Visitor: 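Below: one structure in structure tokens.
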Amino acid sequence: MLTALAGGVGAARFLDGLVAVVPPEQVTTVVNTGDDDEFHGLWVCPDLDSVTYRLAGAQHPETGWGLAGETFHTMGALARYGAPTWFNLGDRDLATHLYRTQRLNQGASLSEVTAEIVGAWGIRSRLLPMSDDRVATRITVRAGGPDAATEELAMQEWFVHRRSEPPVVSVRFEGAETARPAPDVLEALEMAETIVVCPSNPVISIGPILAVPGIRDVLTARRDRVVGVSPIISGRPVRGPADRLMGPLGIEVSCVGVADAYREFCSTLVIDAADAALAPEVEALGVRAIVADTVMRDARVAATLARHTLAAVA
Ligand code: FO1
């Protein structure tokens, strides 16, 4: 049994490689739901959907989110009514949001609906939301000069609508204190031979998962079984805004900064060959460094990376 912690697009690529080297039935992924939000009255779970579509081989090849071959006629039609369409929901993607919203309104839990959606896509590994309770990533920014007022934005407002441009002052996960791990999450972490922290944004993808009471404690107790993959290579994220969040929060934007952020619960960190010279600094933090090719150009590289990652704590 192997359990992974995942955010969105970067994690999805890695998971695709993982289920190529480990029987999918043995893989459980705990997915971030801090990015979830309501659009046009529909409940959207971007990271659950990015992982689902990727594992189903249906993801949009360029963006990594949404579906391949997607059209946006509904967004175009909504624009006629002056509805905000900055969050691009494709016509086929909307079916997922319509179905999920209807099932939630019928009283189903997010875990139950996720299992139905994952099953419908024929995915054999298990996807669990980190919690069935609402946890909302909120980002405080200072829009303007150093003495400008601060403003708190919902994650998608900052990331998509404002293109992650406003400088970040702080991040919080509203609701985390009272959120409970979704059913089977703690058990999946306790029973796993290996726990993998996927190459996702340490602050807004892995952070919310760790903020759900109980989850971080299990990883810390099982630290020797926990291996992470650095999402930062040569001081930059492979994609996404991790650097714009880590810097302001005092986390060095490097694989060493990731090792420092994860050292309490993660015994081993896989870093990219480009950062081989930083291995001693990672190890000085008490985290074993494994050097590998972590740029997942294709499924073969992702599978090789998954193999290295698992071998690291075998
Ligand atoms: N990201 C964008 O940059 N622009 C979008 O219009 C956009 C729409 C979208 C729709 C559905 C979905 O599941 C994801 C979408 N994303 C979009 C990506 C999303 O903001 C991120 O994948 C996660 O929230 C962060 O990993």
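Please read all numbers here as calculations on a predicted model, not as lab measurements. No hydrogens, no waters, no symmetry mates; every other heavy atom, side chains included, goes into these values. Counting starts at 1 for both ligands and their atoms, following the listed order.
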Visitor: What about Asp49: any of its N or O atoms under 3.5 Å from an N or O on ligand 1?
Guide: no

Visitor: Flag yes if more than 12 heavy atoms outside Arg216 fall under 6.0 Å of its CZ atom; otherwise flag no.
Guide: yes

Visitor: May I ask you to check if ligand 1 and Asp35 share an N or O to N or O distance below 3.5 Å?
Guide: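 Yes - when backbone and side-chain N and O of Asp35 are compared with those of ligand 1, one distance drops under 3.5 Å.
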
Visitor: Rounded to the nearest 0.5 Å, what separates atom CD in Gln156 from atom CG in Asp35?
Guide: 5.5 Å

Visitor: Do we see a donor-acceptor contact under 3.5 Å between the side chains of Asp91 and Thr74?
Guide: yes

Visitor: Please state which protein non-hydrogen atom is closest to atom 20 (O) of ligand 1 and give its distance, to 0.1 Å?
Guide: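 That would be Gln156 OE1, 2.7 Å.
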
Visitor: Working to the nearest 0.5 Å, report the span between CE of Met246 and CG of Asn201.
Guide: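 If we round to the nearest 0.5 Å, Met246:CE and Asn201:CG are 8.0 Å apart.
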
Visitor: So does Asp184 pair up with Arg126, basic N to acidic O under 4.0 Å?
Guide: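 Salt bridge: yes.
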
Visitor: Tell me which protein heavy atom sits closest to atom 3 (O) of ligand 1, plus the residue, atom name and distance to 0.1 Å.
Guide: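 Nearest neighbour among protein heavy atoms for atom 3 (O) of ligand 1, to 0.1 Å: Val160 CG2, 3.9 Å.
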
Visitor: Could you find the nearest protein heavy atom to atom 17 (C) of ligand 1 and give me its residue, atom name and distance?
Guide: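 Of the protein heavy atoms, Trp65 CE2, 3.4 Å lies nearest.
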
Visitor: Which atoms of ligand 1 sit under 4.0 Å from any heavy atom of Trp86?
Guide: 6 (O)

Visitor: For the atom pair OG1 (Thr29) and CG (Leu55), what is the distance rounded to the nearest 0.5 Å?
Guide: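 With rounding to 0.5 Å, OG1 (Thr29) is 6.5 Å from CG (Leu55).
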
Visitor: Which residue and non-hydrogen atom of the protein lie closest to atom 21 (C) of ligand 1, and at what distance in Å?
Guide: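 Checking every protein heavy atom, the shortest distance to atom 21 (C) of ligand 1 gives Phe159 CE2, 3.8 Å.
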
Visitor: What is the nearest protein non-hydrogen atom to atom 11 (C) of ligand 1, stated with its residue, atom name and distance?
Guide: Asp93 OD2, 3.6 Å

Visitor: On a heavy-atom basis, I'd like to know which of Leu94, Thr96, Asp47 is closest to atom 26 (O) of ligand 1.
Guide: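 Of the listed residues, Asp47 has the closest heavy atom.
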
Visitor: Between the candidates Ser205, Ser50, Ser200, which shows the shortest non-hydrogen contact distance to atom 22 (O) of ligand 1?
Guide: Ser50

Visitor: Which heavy atom in Val9 sits nearest to a heavy atom in Ser50, and how many Å separate them?
Guide: CG2-OG, 4.2 Å

Visitor: May I ask you to decide if the ring planes of Phe87 and Phe39 are parallel, tilted or perpendicular, using 30° and 60° as cut-offs?
Guide: parallel

Visitor: Could you find the nearest protein heavy atom to atom 13 (O) of ligand 1 and give me its residue, atom name and distance?
Guide: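 Sorting protein heavy atoms by distance from atom 13 (O) of ligand 1 puts Pro46 CA, 3.3 Å first.
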
Visitor: Does any N or O atom in Asn88 lie less than 3.5 angstrom from one in ligand 1, N or O only?
Guide: yes

